[in-house]
Amino acid sequence: EVVVQFNADVADGMPWKFIPTQREVRVKPGESALAFYTAENRSSTPITGVSTYNVTPMKAAVYFNKIQCFCFEEQRLLPGEQIDMPVFFYIDPEFETDPRMDGINNLILSYTFFKVNED
Amino acid sequence: MSAGGAFGGNRGARPVPPEKGVFPLDHMHQCDLEKKDYIGCLKSSGHQSENCRIFSKKYLECRMAKNLMAKQDLSELGFRNERDLENLREENNGRIENGS
């Protein structure tokens, strides 16, 4: 079993509240799982943002597979709008047999939102 | 966060696009209930994904029904195991009852 924990950040000047909806999900490699982030535009103008992510520890990142997510595309929130942002993922089953992964029971998925545009 | 490599940066760990693409955002909150059920399940069952598969399945089904996700067979999205597990349990129960 692997514990996947979630981090959320916004870049400077990005007036969104952005947090993980759950602190962690416990999964078995090969099993698909759903997780959510929540974002809220706290400013008085529509804001378009885009996110980047990373997975740590870095050597385990190669085994983290996203089936579907909110990432890689610009997302526009109206003033005051709050939205759920799902990530549907799985950890590659080969994670279990890779000796380099011995002792790794925790992965951290981190997203950061950047402001692209302000209407 | 240390990034490794002589020049720093995420060397070798380039962001990879999702396999089945991007989830459009649920701006109309059409699947809020399904999401809440799933999160509620996680929080009350030790955050075990396995225990809450039925709710994540319902969430994805909701998305498909509202055109927030391409319709596809859920067994292709990793929900096959549940069915196989159930079949396995039924088989085992049958064997036990037959005294074999």
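The basis for the numbers below is simple: all heavy atoms, side chains too, and nothing from hydrogens, waters or symmetry mates. Note that this is a predicted model, so its numbers are computed, not measured. First the proteins, then the strands, lettered A, B, ... as listed; each starts at 1.
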Between A:Q22 and B:H47, do the side chains contain an N or O donor and an N or O acceptor separated by less than 3.5 Å?
-> no

Decide whether [X] and [Y] are clustered together by the hydrophobic rule: side chain heavy atoms of Ile, Leu, Val, Met, Phe, Trp, Tyr closer than 4.5 Å, transitively.
X: B:L33; Y: A:M85; answer: no
X: A:I108; Y: A:M58; answer: no
X: B:F23; Y: B:M64; answer: yes
X: A:L78; Y: A:F113; answer: no
X: A:V62; Y: A:V87; answer: yes

Close contacts, residues 89-101 of chain A versus chain B, judged by heavy atoms under 4.5 Å = A:Y90

Please look at B:H29 and chain A and tell me whether the side chain, the backbone, both or neither of the residue comes under 4.5 angstrom of a heavy atom of that chain.
-> side chain

What part of A:K28 is in contact with chain B, defined as an atom under 4.5 angstrom from a non-hydrogen atom: side chain, backbone, both or neither?
-> side chain

I want to check something: taking the side chain as every heavy atom from C-beta on, are [X] and [Y] in contact at a cut-off of under 4.5 Å?
X: B:R63; Y: A:P86; result: yes
X: A:R26; Y: B:E50; result: no
X: B:D32; Y: A:D84; result: yes

Parallel, tilted or perpendicular, as decided by the 30° and 60° cut-offs, for the rings of A:F36 and B:Y59 = perpendicular

Considering only distance and modelled atom types, tabulate donor-acceptor pairs under 3.5 Å from the side chains of residues 6-19 of chain A, sequence neighbours left out.
| residue | atom | partner | partner atom | Å |
| --- | --- | --- | --- | --- |
| A:N7 | ND2 | A:S110 | OG | 3.4 |

Minimum heavy-atom distance B:Y38-A:L34, with the two atoms named | OH-O, 2.5 Å

Non-hydrogen atoms of B:S49 and A:A33 that approach each other most closely | OG-CB, 3.4 Å

Just wondering, more than 12 heavy atoms not from A:K115 lying within 6.0 Å of its NZ?
-> yes

Atom CD1 in A:I83, atom CG in B:L25: separation rounded to 0.5 Å?
-> 5.0 Å

Rounded to the nearest 0.5 Å, what separation is found between the CD1 atom of A:I67 and the CG atom of B:L60?
-> 9.0 Å

Counting heavy-atom pairs under 4.5 Å to chain B, which of A:R76, A:Q68, A:Q82 comes out on top?
-> A:Q68

